[in-house]
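Reviewing the structure listed below.
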Amino acid sequence: MSETTPKNLASFIWQVADLLRGDYKRADYGKVILPFTVLRRLECVLEPTRDAVRKEHEKWGDRNMDPTPFLTRQSGQRFYNITAHTLTSVANAPDEAAKNLLSYVRGFSPNAQEAFEKFRFTEQVMNLAEAKLLHLVVSRFADFDLHPNRVSNHEMGYVFEELIRKFAEDSNETAGEHFTPREVIKLMAGLLIAPDLADIQVPGMSRTVYDPACGTGGMLTAAEEFVLSHNSAGQVYSFGQELNPESWAICRSDLMIKNQDPDNIKLGNSFTSDQLLHKQFDYMLSNPPFGVEWKKAQAEIVEEANDLGMRGRFGAGLPRINDGSLLFLQHMLSKMRPVSEGGSRLAIVFNGSPLFTGAAESGESKIRQWVLENDWLEAIVALPDQLFYNTGISTYFWILTNRKAPSHQGKVVLLDAREYWAKMRKSLGDKRKLIPDDKIEEIQRLYADALALADDADHLLHGKVKVFRNEDFGYHRITVERPLKLRFEVTDEALVELDATLTSGKATSKYDGRGGLLAALRRLVGQEPSFKKADFASTLRDVLAGVGQLPPAVDKAVWSAVSVRDLEGEVQLKKGAPEPDPELRDNENVPLNEDIDAYVEREVLPHVPDAWVDHDKTKIGYEIPFTRHFYVYTPPRPLEEINAELRELESEIQTLLAEMTS
């Protein structure tokens with residue numbers, strides 16, 4: 001096998017699909033290819049110690065004792081296999097292929113067998129056998145050289161991700177739900193951990209890393225590689241939870257191959273079944289699904305929020321049901337170590353929605369307020385669009401910590417990295433751009449120097465960085481009222497409206513004086529309107545003298561029909577104070593650190609002198625309008641330039657028409 005790059009190797013492995021074509025649907029190719037790839041990789045890793053493990057197992061015979069610690073010591077891994085089978089030996093006995101292959105898989109340690117159970121491997125083996133394809137598939141995989149000395153763990157991660165992407169494309173699934181592009185993960189891990197370089201280079205250092213939606217484990221791997229690249233003698237312990245069984249099985253297998261504890265990777269929903277409850281971690285990073293609703297988990301999440309409040313994970317607030325992104329953020333923040341124990345740093349990928357979605361005192365706004373008031377948000381980095389496989393939208397890194405450097409305390413960095421990209425030679429789904437290594441290094445330098453660049457207005461990169469105080473993102477949502485001003489008159493339209501109300505209204509339909517009331521009011525049609533309510537009330541009393549006392553609901557309907565909004569009309573009073581007009585009501589966002597009355601006097605009263613603020617309705621909100629802060633006005637082109645261009649186009653059209661008619 002001459003293929004050397006992970007992408008070529010993945011394509012080579014995927015050619016097994018040629019054997020499946022006709023007997024399998026395209027959407028089911030991955031159900032065969034993924035578990036067999038895992039099996040072959042495990043086999044290659046165990047090959048040097050296979051005989052030693054079998055000999056050790058034979059020593060134990062039927063003793064009533066778990067030999068696992070002794071077998072893993074012989075294998076040098078967290079897993080082992082006690083059989084004499086290999087894929088080659090299975091392929092060499094085609095008539096016994098199904099029996100031998102299943103026996104081979106049952107010979108793995110329980111932690112490896114569990115991964116194959118999630119792949120439904122037995123079912124796939126029987127399907128292949130029935131289609132008379134098992135021998136061919138096993139033979140093909142037996143030829144793949146996936147030994148660690150040929151394909152590193154890092155490269156194997158790429159292979160798995162490329163296979164999953166192909167599987168997702170063929171099954172019309174969303175590849176982005178399974179993994180994140182590696183260059184994005186590399187950048188994310190660097191921004192997250194680079195500020196701690198001095199600490200992670202200490203001899204004997206150990207760190208824990210966590211991803212609550214870990215997929216195939218790409219982010220965990222990148223974080224581990226970053227740390228170990230700066231301290232090869234250090235220890236990194238990976239933890240995660242994943243909802244998709246196949247991705248979980250691959251991530252778990254990857255940890256086994258790297259000689260980490262596969263039981264640190266849990267299967268299930270992080271919201272409803274947190275299987276790492278009360279665990280805390282040094283670093284956390286995640287790319288949760290964008291804009292995915294959390295309705296299935298709603299009952300458990302709402303119950304926790306109501307019962308535990310701030311003692312639970314979701315006490316700060318609940319976002320709208322169609323986007324659970326900020327739930328992931330709260331979940332991760334609940335797993336920060338106390339500052340007294342070293343604190344934590346975390347990074348999460350979001351689309352633009354968590355920056356601003358939700359009005360003042362909505363769930364989203366309260367979550368942002370909670371984060372900012374606790375001074376946890378260190379920075380937000382805007383990434384280029386078209387980076388991900390399943391969406392071309394703009395994305396952002398949020399980087400948070402409970403142990404900010406003194407110079408950073410009370411501040412948030414906004415960093416614009418949207419122009420740091422290169423075009424891909426070939427698109428992969430919606431992914432048309434990538435961030436090459438040189439751009440990753442530039443962004444990391446920009447991040448490290450952010451505070452200094454923000455203060456240096458003459459620096460070339462000054463416009464890429466802005467620094468704000470936490471409270472700069474807060475605002476008072478004030479309600480500006482204006483008085484209700486009315487004139488009073490009876491028109492044909494008003495009588496039609498009143499007739500409809502009296503006929504259909506629940507409180508007025510039983511009134512039996514409708515005809516007499518309308519006839520009496522019709523006498524006022526055409527009269528000059530009154531701008532005084534008291535004067536019009538006197539006129540009404542005279543006209544309706546023969547109608548009798550009106551029920552309250554009917555009286556209210558009459559006044560509603562004859563009242564007309566008029567800016568020149570009389571101000572209506574309620575309990576001695578001007579009554580607000582709902583149709584003229586407006587809202588303004590006043591910066592949190594600005595006096596509301598001073599703002600209104602400057603921004604509102606010059607335009608509407610009779611306005612006032614209803615302070616009882618004032619709410620506090622938080623949003624992070626990233627794009628607004630980096631907006632650069634581009635003036636339109638001069639009209640002369642546009643006209644010249646139009647004349648030139650017109651001339652070209654005339655020339656073309658002349659050529660066609662000649």
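Remember, predicted model here, so these are calculated numbers, not experimental data. Only heavy atoms go into these numbers, but all of them, side chains included; no hydrogens, no water, no symmetry mates.
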Fill in: By salt bridge (Lys or Arg N to Asp or Glu O under 4.0 Å) - contacts of R41 (at least two apart)
none
Practice prompt. Using ring-ring contact (aromatic ring centres under 6.0 Å, His included) as the criterion, list what pairs up with F239, not counting sequence neighbours.
Written response: F281
Item to complete: Measure from the side-chain N and O atoms of T49 to the backbone N and O of A52, and report whether any donor-acceptor pair falls under 3.5 Å.
Response: no
Worksheet item: In Å, rounded to the nearest 0.5 Å, how long is the span from CD1 of I348 to NE2 of H331?
Response: 10.0 Å
Practice prompt. Could I get the full list of salt bridge (Lys or Arg N to Asp or Glu O under 4.0 Å) partners for D385, not counting sequence neighbours?
Written response: K433
Could you pull out every donor-acceptor pair under 3.5 Å between side chains of residues 124-141 and any protein atom, sequence neighbours left out?
from: N127; atom 1: ND2; to: E123; atom 2: O; distance (Å): 3.3
from: H135; atom 1: NE2; to: A91; atom 2: O; distance (Å): 2.9
from: S139; atom 1: OG; to: H135; atom 2: O; distance (Å): 2.7

Worksheet, complete the sentence: Sorted by chain and residue number, the salt bridge (Lys or Arg N to Asp or Glu O under 4.0 Å) partners of E114 (sequence neighbours excluded) come out as R252
Worksheet item: Charged N to carboxylate O below 4.0 Å: is that the case for K55 and D51?
Response: no
Discussion item. To the nearest 0.5 Å, what is the distance between CG on L34 and CD1 on I250?
Written reply: 4.5 Å
Fill in: With sequence neighbours excluded, residues passing ring-ring contact (aromatic ring centres under 6.0 Å, His included) with W421
none
Item to complete: May I ask you to say whether K25 pairs ionically with D28, meaning some side-chain N is under 4.0 Å from a carboxylate O?
Response: no
Worksheet item: Is a side-chain donor or acceptor of Q260 paired with a backbone partner of S238 at a separation under 3.5 angstrom?
Response: yes
Worksheet item: How about S109 and Q77: do any of their side-chain heavy atoms sit closer than 4.5 Å?
Response: no
Worksheet entry | Sequence-distant partners of R182, salt bridge (Lys or Arg N to Asp or Glu O under 4.0 Å), two or more places apart | E161
Discussion item. To the closest 0.5 Å, what do you measure between CD1 (I435) and CG (L387)?
Written reply: 4.5 Å
Worksheet entry | Separation between CZ of F79 and CG of L255, rounded to the nearest 0.5 Å | 11.5 Å
Worksheet entry | W376: ring-ring contact (aromatic ring centres under 6.0 Å, His included) partners, not counting sequence neighbours | W370
Worksheet, complete the sentence: Residues at least two apart in sequence or cross-chain that pass ring-ring contact (aromatic ring centres under 6.0 Å, His included) with F328, listed by chain then number, are F271
Worksheet item: Counting N and O atoms only, with roles assigned by atom type, does the side chain of T37 sit under 3.5 Å from a partner on the main chain of I33, one being a donor and the other an acceptor?
Response: yes
Worksheet item: Will you find, in the side chains of T208 and K279, an N or O donor that is under 3.5 Å from an N or O acceptor?
Response: no
Discussion item. Can a donor-acceptor pair be found, under 3.5 Å and without considering hydrogens, that links the side chain of R418 to the backbone of L383?
Written reply: no
Fill in: N351 and S353 side chains, donor-acceptor separation under 3.5 Å
no
Worksheet item: Under 3.5 Å, side chain of E378 to main-chain N/O of I399, donor-acceptor pair present?
Response: no
Worksheet item: Who passes side chain to side chain donor-acceptor pair (under 3.5 Å) against S394, sequence neighbours left out?
Response: none
Worksheet item: Which residue pairs pass the salt bridge (charged side-chain N to carboxylate O under 4.0 Å, His left out) test when at least one of the two sits in residues 419-430, sequence neighbours left out?
Response: E419-K464
Worksheet item: How many angstroms lie between atom CG of L333 and atom CG of L400, to the nearest 0.5 angstrom?
Response: 5.5 Å
Worksheet, complete the sentence: Residue pairs meeting salt bridge (charged side-chain N to carboxylate O under 4.0 Å, His left out), one or both in residues 183-203, sequence neighbours left out, come to E183-K431, K186-D437, D196-R403
Worksheet item: When the ring planes of Y104 and H85 are compared, do they come out parallel, tilted or perpendicular, using 30° and 60° as the limits?
Response: tilted
Worksheet entry | Test item: side-chain donor near acceptor, Y80 and E56, under 3.5 Å | no
Discussion item. With rounding to the nearest 0.5 angstrom, report the CE to OH distance, M284 to Y210.
Written reply: 8.5 Å
